[in-house]
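A short worksheet on the structure shown next.
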Amino acid sequence: MASVSVDAVSLRYPNGTLGLADIDLTVADGESIALVGPSGSGKTTLLRTIAGFLTPTAGQISIGGEVVAGAGRPIPPEARGLGMVFQQHAVWPHWNVARNVDYPLRRARIARTERHQRVEEMLALVGLEGYAGRDPATLSGGQRQRVALARALVTRPRVLLLDEALSALDEPLRDRLRLELHALTRDFGTTVVHVTHDRAEALAIADRVMIMDAGRVQQIGTPAEVLSNPASTFVATFLNDATVVAGTVSDGIFSAADHPLTAPLIGGDVAGDGVAEAAIARQDVRVVADPDGDAIVRSSLFTADGGDLVVDWAGMSFRVKTVGYRPLHGDRVRVEVSGVHAFRQDTAPAAPPLVSA
Ligand code: ADP
């Protein structure tokens with residue numbers, strides 16, 4: 001098991017595209033971290049750089065305290081002690097299940113009897129007992145993904161890299177494999193770096209989440225931290241469908257411009273008074289049934305514990321999550337905002353250009 005340390009890593013592709021810009025990330029030994037962000041934000045580039053398929057243009061990467069890239073000759077991917085699982089279950093079709101899982105052990109020149117035992121053990125762990133002799137073509141997508149997982153974990157890698165490893169699977173299988181993967185890597189104490197476009201998945205299984213945009217780190221924190229204390233309107237919107245509203249801050253109260261909304265500050269980066277942009281998280285908005293209310297429900301989706309709404313309030317759309325009560329499309333309501341995260345507008349760092357001039 002090992003820690004992963006990414007220090008000031010930048011990467012520019014040969015065509016000039018900036019893939020990563022000055023990334024710092026330390027993943028502790030045994031920690032599980034999820035990389036999330038919009039498409040093109042650099043998640044896969046970072047994972048492939050840690051794996052050794054890409055070489056940083058600047059900065060350094062260490063695994064278990066050993067520098068693997070950025071100083072001297074880079075350590076090749078196969079010598080980095082990693083396990084990897086990708087979205088498309090990369091299972092060799094002409095080998096049976098056991099042979100697929102056995103492959104990394106053969107490469108490591110482990111004796112036949114021990115290999116046999118470890119393959120059996122691993123297949124049992126991923127719920128594939130009795131499948132050793134099966135041809136991969138006769139398996140379901142979920143079973144093939146379990147084979148890929150067994151193969152990635154059979155050598156007990158120091159670090160497991162997952163690139164959308166569960167994304168191609170349908171629910172409820174995906175949910176089950178997510179739970180099993182989480183339990184298995186916790187049992188083994190494996191360090192995990194997991195790229196996913198699925199926010200809920202990232203927040204559910206990672207110890208910490210790193211949100212990326214335009215090749216840069218926007219925020220790193222525990223799921224609770226990044227949800228309750230987003231570092232920017234971008235993070236709040238990306239993770240939590242927050243509504244962003246322009247306005248001003250005075251004495252700790254945010255007032256929207258040309259809109260009746262006022263609410264106390266509960267976070268953000270605003271010190272003192274001035275122009276600001278507020279992110280309003282779904283959990284901080286409440287709607288109350290009111291036939292004379294100045295807001296109207298534009299969309300009302302059913303959820304197990306209430307509703308997922310879009311409410312139009314004085315010309316502005318708000319995402320609202322209700323618990324125990326679900327107004328219907330067209331209902332009149334009153335909106336109450338318990339608090340906002342306000343961010344200075346003037347000093348917000350501009351996103352870097354992705355392509356060099
Ligand atoms: P994500 O995984 O978050 O979707 P990527 O890491 O794939 O993002 O991409 C980050 C940026 O690098 C994007 O602008 C993308 O277009 C660019 N990129 C990715 N792969 C290559 C490549 N092989 N050559 C040039 N640019 C690339």
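First listed ligand is number 1; within each ligand, the first listed atom is number 1.
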Check your understanding: Does Asn15 approach ligand 1 within less than 4.0 angstrom via side chain, backbone, both or neither, non-hydrogen atoms only?
Key -> side chain
**Study point:** Carboxylate-amine/guanidinium contact Glu66 Arg80, below 4.0 Å
**Key:** no
Review point. Out of Arg118, Gln117, Arg112, which residue meets the side chain to side chain donor-acceptor pair (under 3.5 Å) rule with Glu114?
Key: Arg118
Point to revise | Atoms of ligand 1 close to Ser39 [distance to a heavy atom under 4.0 angstrom, numbered from 1] | key: 4 (O)
Check your understanding: Taking both backbone and side-chain atoms of Gly40, is any N or O found less than 3.5 Å from an N or O belonging to ligand 1?
Key -> yes
Exercise for review: Only counting residues at least two apart or in another chain, list the ones meeting side-chain hydrogen bond (donor to acceptor under 3.5 Å, both in side chains) with Asp305.
Suggested key: Thr303, Lys321
Point to revise | Salt-bridge contact Arg186-Asp207 (side-chain N to carboxylate O under 4.0 Å) | key: yes
**Study point:** Residue part near ligand 1, for Thr17, under 4.0 Å between non-hydrogen atoms
**Key:** side chain
Practice item. Mark up the atoms of ligand 1 that fall under 4.0 Å of a heavy atom belonging to Thr45, in ascending order. Key: 5 (P), 6 (O), 9 (O), 10 (C)
Check your understanding: Is Pro38 near ligand 1, meaning one of its heavy atoms is under 4.0 Å from it?
Key -> yes
Revision key, fill the gap. Output for pair (Arg151 CZ, Leu123 CG), nearest 0.5 Å, gives 12.0 Å
Check your understanding: Under 3.5 Å between some N or O of ligand 1 and some N or O of Gly19?
Key -> no
Check your understanding: Does ligand 1 have any atom sitting under 4.0 Å from a heavy atom of Ser41?
Key -> yes
Exercise for review: Kindly compute the distance separating CG (Leu25) from CD1 (Ile50), expressed to the nearest 0.5 Å.
Suggested key: 6.5 Å
